[in-house]
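Both counts, for ligands and for their atoms, begin at 1 and track the order of listing.
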Amino acid sequence: MLSDAQIAGYLADGYIVLPGFKPAAEIAALCERARQIVDAFEPSALRSIFTTHDQARTSNVEFLASADRVHCFFEEEAFDAQGQLRQTKAQSINKIGHALHDLDPVFQRFSHGPELAALARDLGLLRPQLWQSMFIFKPPGIGGEVKWHQDATFLQTSPCTVTGFWFALEDATRDNGCLWVQPGGQRSPLRERFVRDGDAVRMEVLDTSPWPGTDDAVPVEVQAGTLVCFHGLLPHYSAPNRSAQSRHAYTLHAVDASSHWAESNWMRRRADLPLRGFV
Ligand code: FE2
């Protein structure tokens, strides 16, 4: 799947960009299915807002239950002071998570296959286990910022094996909130871990190394169909989307079954939904 030079680049930089990985028809089918899921979504009185600014607000029942279900989360700025949506429901959703890849047939097809299995092997995942999937909307105007973080904070294993697969479903630019990464930053320590204790979650500081400065950040501007893979320790962020264009993306996170899954991770799997790899 990958050339030796591509693998060497991934090991050096902590990420790899693969343009044209997914054909337009598969992307269109995924986006259409996401639209249907949002259409059918009836928000409860308890609104789930995903934000990395205020982790306490994510410690609700719907968030924890979404680990092995399909649930829609609103943007932090979706509601006005009166509690009314500022935009249409379809343009107010932050993401759908976190078991789309195992529960929805369209997402299941998109998330599995020999190309992805071969790619995962090349990236060092010998026995991949797909823990989570997210359809990220980054809607126009209110698409929220995601501050510097490392994905291993949320999917901790020892050794660290979590690997992110980030599919651009629309063109991602600096204007609509593309990813920014710190090349080589995967060699820095894990700074924080997101810990679950019963039905409560909290962020624990593990290492006080500073986050990269703006000079160290590289924008990953990519066209729809591109797949970006990155190491679980690679620092990355995305800016708010204040543009008129959405920036849809779909992500998968896999760990290697040979690494030890931290019991304190927030995600739990029910027994009737075993973890699978890419095939
Ligand atoms: Fe991330």
Atoms of the protein (N/O/S only) found under 2.8 Å from the Fe ion (ligand 1)
H149 NE2, D151 OD1, H236 NE2
Can you hop from I7 to L18 via hydrophobic side chains spaced under 4.5 Å?
yes
Any pair counted as salt bridge (charged side-chain N to carboxylate O under 4.0 Å, His left out), so long as it reaches residues 4-29, sequence neighbours left out
K22-E26
Give a yes or no answer on whether the side chain of Q6 reaches the backbone of S3 with a donor-acceptor pair at less than 3.5 Å.
yes
H101 and F110 aromatic centres sub-6.0 Å:
no
Is the backbone of V201 close enough, under 3.5 Å, to the side chain of R196 for a donor and an acceptor to pair up by distance?
no
Exercise: identify the closest heavy-atom pair between A78 and S92
CB-O, 3.8 Å
